[in-house]
Amino acid sequence: MQRVESSVLAAIGHDPATSILQVVFRTGRIYQYHGVPRAVHEELLAAGSIGEYFNKRIRPRYRAVRVRKT
């Protein structure tokens, strides 16, 4: 997991072997997004606005599973 500068997200981690992107929200909720390629993870980290990139390019396109509630 890597901490990120975002008003929405607190940390992001990616497992290239399973293509799972794990996202920790500032609220404490944790979700796993399935089928996320490494390149998308790298683009997310390089985005000018991580929250905006996440909301436009990841949230609507990849299946999410909540792994922890607040």
Side-chain angles (χ1 to χ4, degrees):
M1 296 300 290
Q2 178 178 351
R3 291 201 172 277
V4 294
E5 292 291 326
S6 170
S7 61
V8 178
L9 308 177
I12 299 167
H14 185 260
D15 182 353
T18 61
S19 296
I20 292 176
L21 177 74
Q22 184 159 300
V23 176
V24 180
F25 288 87
R26 294 250 174 236
T27 61
R29 291 183 177 148
I30 300 174
Y31 282 82
Q32 290 181 340
Y33 290 82
H34 295 257
V36 179
R38 180 190 308 237
V40 171
H41 171 245
E42 291 170 357
E43 288 173 5
L44 174 63
L45 292 176
S49 170
I50 289 174
E52 183 178 344
Y53 184 95
F54 172 79
N55 284 323
K56 288 184 178 179
R57 303 281 310 270
I58 295 173
R59 182 175 267 171
R61 296 183 182 182
Y62 299 97
R63 182 175 65 88
V65 175
R66 182 190 272 186
V67 294
R68 188 176 101 198
K69 295 181 184 182
T70 52

Grab the two heavy atoms, one from [X] and one from [Y], that are nearest each other, plus how far apart they are.
X	Y	answer
Y31	R66	OH-NE, 3.1 Å
I50	L45	CD1-O, 4.3 Å
I12	V4	CD1-CG1, 3.7 Å

- Message: Count I, L, V, M, F, W, Y as connected when their side-chain heavy atoms are under 4.5 Å apart, and connections chain through other members. Are I30 and V8 then in the same cluster?
- Response: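 No, it is not one cluster - the side chains of I30 and V8 are not joined through contacts under 4.5 Å.
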- Item | Cluster check L21, V40: I/L/V/M/F/W/Y, side chain < 4.5 angstrom |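 L21 and V40: one cluster.
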- Item | Separation of Y62 OH from R57 CZ (nearest 0.5 Å) |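 Nearest 0.5 Å value for the CZ-OH distance: 7.5 Å.
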- Query: In Å, rounded to the nearest 0.5 Å, how long is the span from CZ of R61 to NZ of K56?
  - Reply: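 Rounded to the nearest 0.5 Å, the CZ-NZ separation comes out at 11.0 Å.
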- Where at least one partner belongs to residues 33-50, residue pairs that pass side chain to side chain donor-acceptor pair (under 3.5 Å), sequence neighbours excluded: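 The answer is E43-Y53.
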- Task: Name all pairs fulfilling the side chain to side chain donor-acceptor pair (under 3.5 Å) condition that reach into residues 6-18, sequence neighbours left out, sorted by first residue then second.
- Result: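 For residues 6-18: D15-T18.
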- With the side chain counted from C-beta on, respond yes when F25 and F54 share a heavy-atom pair under 4.5 Å apart, and no when they do not.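 Side-chain contact under 4.5 Å: yes.
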